[in-house]
**Q** 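Handing you a structure now.
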Amino acid sequence: MNYTSFAKGELLTLLRRKQDTINALVFFIMVITLFPLGVSPSPEFLSVAAGGIIWCAASLAILMSVESMFKEDFNDGCLEQWLVSGLSLPLLILLKTFIHWLIVIVPLLAMAPLLSQMLFLSTDIFYVLLKTLILGTPALFLIGTIGSALTVSLRHGAVLMLLIIIPFYLPVIIFSTGAIRAAQNGMLYDGQIAILGAISLVSLVVSPIMSAISIKASVN
């Protein structure tokens, strides 16, 4: 096994298990569709709240996607093979996380223009939303990877993972919605965008190492 064959294998596995991706996408669409029905369908309210609604729906969909990221690999012994393969475990985890991000976020971004129109989000603000999703969602996946690795050996670890991970999601959601709200008020939002990028970069460094330590502890 090398890094290229590992990445191809992960991509093919995820494409075969389309149900996981479809479930996350359907959940994302349902939350955004039901919110106006349950709260208020008025354009004045939805245009202001659209950024927060889309970001909360995206965060929950990502949580659904990352919760069982390593579970099947743990059950079928793949994680043990990773450890004895001689390859860098943090790099394997990073590759797996990137492929998950790609498979889940690309369809989500493809649906975003239609859902933004449904929530009466203007075109200018939509581009700000797009920037926050592209810069912020890698951090959510990387942070979620740590939680998934920590609870991989637990039979009912989903709730524990949510309790561990959700507090770390809050800064990403706060700065993302803050950037969108600043743009809606005609204010500068570069600072929030820069912080989002910084959070993703820090997560990129810390997450694979922390996840590798957790997986080694779980397998051993």
Side-chain angles (χ1 to χ4, degrees), residues 10-11 13-39 46 49-72 93-94 96-119 121 125-152 157-180 196 199-200 203-204 207 211:
E10 286 297 322
L11 185 60
T13 301
L14 278 178
L15 290 176
R16 277 198 295 268
R17 284 164 39 199
K18 289 178 288 190
Q19 196 59 41
D20 293 346
T21 307
I22 292 171
N23 286 345
L25 189 61
V26 168
F27 183 79
F28 174 71
I29 294 169
M30 282 181 63
V31 170
I32 294 177
T33 306
L34 292 176
F35 196 91
L37 299 176
V39 181
L46 290 176
I53 297 170
I54 291 175
W55 254 101
C56 287
S59 301
L60 293 172
I62 290 169
L63 271 174
M64 279 185 66
S65 172
V66 298
E67 183 268 326
S68 58
M69 183 182 286
F70 299 112
K71 193 68 82 178
E72 197 164 316
I93 292 168
L94 190 59
K96 187 178 180 73
T97 308
F98 172 71
I99 291 166
H100 265 260
W101 179 83
L102 203 63
I103 293 292
V104 173
I105 292 301
V106 169
L108 191 144
L109 292 178
M111 292 298 300
L114 178 63
L115 296 170
S116 298
Q117 287 295 313
M118 195 180 77
L119 296 176
L121 197 66
I125 305 302
F126 170 72
Y127 287 120
V128 180
L129 169 71
L130 204 58
K131 284 182 190 175
T132 62
L133 286 173
I134 292 171
L135 280 173
T137 52
L140 297 189
F141 268 88
L142 290 162
I143 294 167
T145 300
I146 299 174
S148 182
L150 279 170
T151 57
V152 69
V159 175
L160 178 61
M161 182 206 154
L162 293 179
L163 293 174
I164 294 170
I165 290 306
I166 285 177
F168 295 98
Y169 272 25
L170 294 180
V172 178
I173 296 171
I174 289 169
F175 285 111
S176 299
T177 53
I180 295 165
L196 274 181
I199 293 173
S200 285
S203 303
L204 188 67
S207 170
S211 302

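Source: prediction; values computed, not measured. If you read the sequence from its start, that first residue is 1, and numbering goes on from there.
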**Q** Using a 4.5 Å cut-off on heavy atoms from C-beta on, say whether the side chain of V31 contacts that of C56.
**A** no
**Q** Grab the two heavy atoms, one from I99 and one from E10, that are nearest each other, plus how far apart they are.
**A** CD1-CB, 3.8 Å
**Q** Is there a side chain to side chain contact (heavy atoms under 4.5 Å, CB included) between T97 and S207 once you walk through the steps?
**A** CA-CA 10 Å; T97 308; S207 170; 5.7 Å; no
**Q** Tell me which one of V104, N23, V26 satisfies side-chain contact (heavy atoms from CB on, under 4.5 Å) with M64.
**A**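 Going through the options one by one, the only one that passes is N23.
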**Q** Should I143 and V66 be marked as a side chain to side chain contact (heavy atoms under 4.5 Å, CB included) after you check the CA-CA gap, both sets of side-chain angles, and the distance that decides it?
**A** CA-CA 9 Å; I143 294 167; V66 298; over 6 Å; no
**Q** Judged by atom type as modelled, is there a donor-acceptor pair below 3.5 Å linking the side chain of T177 to the main-chain atoms of G52?
**A** no
**Q** For a side chain to side chain contact (heavy atoms under 4.5 Å, CB included) check, start with the C-alpha distance between F28 and L60, then their side-chain angles and the critical distance, and finish with the verdict.
**A** CA-CA 8 Å; F28 174 71; L60 293 172; over 6 Å; no
**Q** Within a strict 4.5 Å, meaning less than it, do heavy atoms of the L63 and I166 side chains meet?
**A** yes
**Q** Tell me, do T132 and L196 make a side-chain contact under 4.5 Å, heavy atoms counted?
**A** yes
**Q** Quick one: does any side-chain atom of S200 pair with a main-chain N or O of L135 as donor and acceptor, under 3.5 Å?
**A**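 Between the backbone of L135 and the side chain of S200 there is a qualifying donor-acceptor contact (under 3.5 Å).
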**Q** Determine whether T33 and M118 make a side-chain contact, defined as any pair of heavy atoms from C-beta on separated by less than 4.5 Å.
**A** yes
**Q** Are the side chains of L11 and I103 in touch, meaning some heavy atoms are under 4.5 Å apart?
**A** yes
**Q** More than 12 foreign heavy atoms under 6.0 Å from CZ of F98: is that the case here?
**A** no
**Q** Walk me through it: do I146 and L142 pass the test side chain to side chain contact (heavy atoms under 4.5 Å, CB included)?
**A** CA-CA 7 Å; I146 299 174; L142 290 162; over 6 Å; no
**Q** Considering non-hydrogen atoms only, spot the tightest contact between P167 and P171 and give its length.
**A**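 Taking every non-hydrogen atom into account, O-CD, 3.5 Å.
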**Q** Can you check whether T145 reaches M69 side chain to side chain, under 4.5 Å on heavy atoms?
**A**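 Yes, close enough: below the 4.5 Å cut-off.
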**Q** Please report the shortest heavy-atom distance between L140 and Y169, naming the atom on each side.
**A** O-OH, 2.7 Å
**Q** Indicate the atoms forming the closest heavy-atom contact of F175 with I199, along with that distance.
**A** CD1-CD1, 4.2 Å
**Q** Find out whether W55 and I180 are in side-chain contact, i.e. whether some heavy atom of one side chain is under 4.5 Å from a heavy atom of the other.
**A**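 In short, these two side chains touch, coming nearer than 4.5 Å.
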**Q** Determine the minimum heavy-atom distance between I165 and G144, stating which atoms define it.
**A** CD1-CA, 4.2 Å
**Q** Is any side-chain heavy atom of L109 closer than 4.5 Å to a side-chain heavy atom of I134?
**A**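 Yes, their side chains come closer than 4.5 Å.
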**Q** Could you report the tightest heavy-atom contact between V128 and A179, atom names first, then the distance?
**A** CG1-O, 4.0 Å
